[in-house]
Amino acid sequence: MVHTYDMGLIVQKFGGSSVADAEGMKRVAARIVATKRAGHQVVVVVSAMGDTTDELIDLANQITPMPAGRELDMLLTAGERISMALLAMAISNLGHEARSFTGSQAGVITDSAHGRARIIDVTPGRIQEALKAGAIAIVAGFQGISQDTKDITTLGRGGSDTTAVALAAALDADVCEIYTDVDGVFSADPRVVPQAQKLKSVTYEEMLELAASGAKVLHLRCVEYARRYEMPIHVRSSFSTNEGTWVVKNHPEGDTMEQAIISGIAHDKSEAKITIVGVPDRTGVAARIFQSVADADINIDMIVQNVSAAATGLTDISFTLPKSEGATATAILQRIQGEVGFASIQYDDQIGKLSLVGAGMRSHPGVTATFFAAMSEAGVNIEMISTSEIRISIICRATDIERGVRAAHTAFEMDSDSEAVVYGGSGR
Ligand code: ADP
Ligand code: ASP
Ligand code: MG
């Protein structure tokens, strides 16, 4: 594995906790300048300071419970603009030229889905010009401009990671470094499992499952992008110089994690569960229900269908979805209740999801048994189960999640002797 790069182009992304205050900005600027002085061309992607994005959302909600997507995006992108300008000033103080660019100026072109826009093209002409002039380019993360409407869009929470990898791919960078408030990707969230181990490497495939299961250290779309373009990602701390975690196509030879059955445990408290009670057990009914939910562009996750406790000839259908879509989904289902003829809808937002991820699962049949035994010993009741080739997920009470994660981590003998360091951030 290459740990130092020949002179080349490096994209460095700094998360909100790394630039939480003026001191943080200066620390990050020094780090960027050191990379530049080592002879590299540097493109930086920066997030909003600290918890700015959350604070802006809270502020919008004090004005209206349902802000228009266009205006909310305009508001939220301001957070990243503040960071990019301050960072450019801090770099300039250190004697180097830095030019800041909004997502739109950097050529990040998206579709028009406000709050969760997808990047459809990156045309980084102005970034290339800045590099050619010997400057450091600073790009505001998590934002772009809609190809159709020309409105400003955001890529969804945590989306600055995706900006970084998309730019790295478009610029044919040698590596994309993601600087955050922990030393890399760990075997579980170090805020929940202090004994979590830092992974030397993790494959795109494993990282995709971890990110999709709630390990917010990397944005899901960023991993999808990296896999498509085979862009190596180095996740590391901006508060230390420790080697971080490499997200790559294959584990490098000799990396012990290669043999591990489980590479990581992820948890997610952002989902809710809807149960549709007393659904007529007829062909086409499930299709009707899920079509109506899909028409509203709502992503559902797990689905379970049971024989109804209510009466024969009826079933109960439960599914999970993001809490943020709960109200919309419930309203849609109420609209088709008469037509479909089910008895009632139950909404439960006190659930959590716990997932084990590891490519080694393919060849180790005992994983489920060990996992469920650990949950049982920890007193965690399993409400739903879903699996993929390299993942097992369960739904349980939200209040059981932390205990469940720690129990699974111990059961699979992943506890390390030392404590993982969390350098900053509020975990919000
Ligand atoms: P940033 O602001 O730098 O984008 P995030 O808060 O988005 O940082 O992501 C870093 C956080 O992700 C860590 O502080 C940690 O609490 C959380 N996290 C969840 N799962 C993991 C994991 N498996 N490895 C490392 N961090 C994780
Ligand atoms: N500032 C945005 C957020 O908090 C984007 C990011 O940090 O990646 O979600
Ligand atoms: Mg993040």
Side-chain angles (χ1 to χ4, degrees), residues 12-20 24 28 45-58 72-73 75-84 103 115-117 139-144 153-166 177-199 202 206-207 209-223 233 235-239 244-245 247 257 262-270 354-358 401-402 405 409 414 420-428:
Q12 301 187 318
K13 178 258 171 178
F14 294 90
S17 48
S18 298
V19 291
V28 163
V45 172
V46 70
S47 291
M49 297 172 73
D51 290 332
T52 299
T53 308
D54 289 294
E55 288 157 12
L56 291 173
I57 292 173
D58 290 348
L72 189 60
D73 277 356
L75 177 71
L76 297 188
T77 51
E80 269 69 12
R81 274 178 93 130
I82 294 171
S83 291
M84 72 182 195
R116 52 174 173 174
V139 179
F142 141 90
Q143 54 181 273
T153 53
T154 63
L155 310 180
R157 299 307 308 274
S160 295
D161 299 337
T162 301
T163 305
V165 173
E177 295 187 321
I178 303 278
Y179 286 90
T180 185
D181 53 15
V182 289
D183 274 318
V185 179
F186 284 74
S187 52
D189 186 341
R191 285 178 207 271
V192 173
V193 184
Q195 310 313 123
Q197 297 183 39
K198 183 173 74 188
L199 309 180
V202 61
E206 290 165 333
M207 196 62 228
E209 293 276 7
L210 285 169
S213 307
K216 72 166 183 162
V217 61
L218 286 181
H219 194 232
L220 176 59
R221 296 252 179 87
C222 128
V223 190
I233 303 179
V235 182
R236 56 195 307 193
S237 167
S238 72
F239 299 81
T245 301
V247 188
M257 290 315 291
I262 307 296
S263 1
I265 303 176
H267 68 278
D268 188 356
K269 289 191 189 168
S270 70
L354 196 167
S355 306
L356 300 189
V357 173
I401 277 289
E402 268 91 11
V405 172
H409 201 266
M414 294 158 83
V421 184
V422 177
Y423 296 92
S426 62
R428 200 171 164 184

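As the structure is a computational prediction, the values presented were derived from the model and not from experiment. Read the numbers this way: they start at 1 and go in the same order the structure lists the ligands and their atoms.
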Given that the side chain starts at C-beta and the backbone is N, CA, C, O, which of these parts of [X] lies under 4.0 Å from ligand 1, counting heavy atoms, or is it both or neither?
X	answer
Val182	side chain
Ser18	neither
Lys216	both

Do ligand 1 and [X] have nitrogen or oxygen atoms that lie under 3.5 Å from each other?
X	result
Phe186	yes
Gly16	yes
Asp181	yes
Ser187	no

Margin query: Would Lys13 count as a polar contact of ligand 2, with the cut-off being nitrogen or oxygen pairs under 3.5 Å?
Written below: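 No, Lys13 has no N/O under 3.5 Å of an N/O on ligand 2.
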
Checklist line | Inter-residue atom distance Leu218.CG - Ile178.CD1, 0.5 Å rounding | finding: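 Spacing of CG (Leu218) from CD1 (Ile178) equals 6.0 Å.
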
As an exercise, identify every atom of ligand 2 less than 4.0 angstrom from a heavy atom of [X].
X	answer
Ser160	5 (C), 6 (C), 7 (O), 8 (O)
Glu80	1 (N), 2 (C), 5 (C)
Arg157	3 (C), 4 (O), 9 (O)

Next item on the list: State if Gly158 counts as touching ligand 2 under the rule of any non-hydrogen atom under 4.0 Å.
Entry: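 Yes, that is the case, since the closest heavy atom of the residue is under 4.0 Å from the ligand.
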
Notebook entry, point to check: Touching ligand 2 at all, Gly159? Heavy atoms, strictly under 4.0 Å?
Noted result: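 For ligand 2, residue contact (heavy atoms, under 4.0 Å) with Gly159 is present.
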
Note to self: Quick check against the 3.5 Å criterion: does Thr245 have a side-chain atom that pairs as donor or acceptor with the backbone of Leu199?
What the structure shows: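 Checking the backbone N and O of Leu199 against the side chain of Thr245, a donor-acceptor pair under 3.5 Å is found.
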
Notebook entry, point to check: Ignoring hydrogens and geometry, is there a side-chain-to-backbone donor-acceptor pair from Thr153 to Gly144 under 3.5 Å?
Noted result: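 Yes: the side chain of Thr153 pairs with the backbone of Gly144.
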
Next item on the list: Return yes if a side-chain donor-acceptor contact under 3.5 Å exists between Ser187 and Gln197, otherwise no.
Entry: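 Distance-only check fails for Ser187 and Gln197.
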
Notebook entry, point to check: Any side-chain donor paired with an acceptor under 3.5 Å for Thr154 and Asp73?
Noted result: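 Side-chain D/A pair, Thr154 to Asp73: present.
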
Next item on the list: Identify the protein heavy atom lying closest to atom 7 (O) of ligand 2, giving its residue, its atom name and the separation to 0.1 Å.
Entry: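 Atom 7 (O) of ligand 2 sits closest to the protein heavy atom Ser47 OG, 3.1 Å.
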
Next item on the list: Identify which of Lys13, His219, Arg157 has a heavy atom lying nearest to atom 4 (O) of ligand 1.
Entry: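 Shortest heavy-atom distance from atom 4 (O) of ligand 1: Lys13.
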
Margin query: For His219, which part has a heavy atom under 4.0 Å from ligand 2: side chain, backbone, both, or neither?
Written below: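 None of His219 does.
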
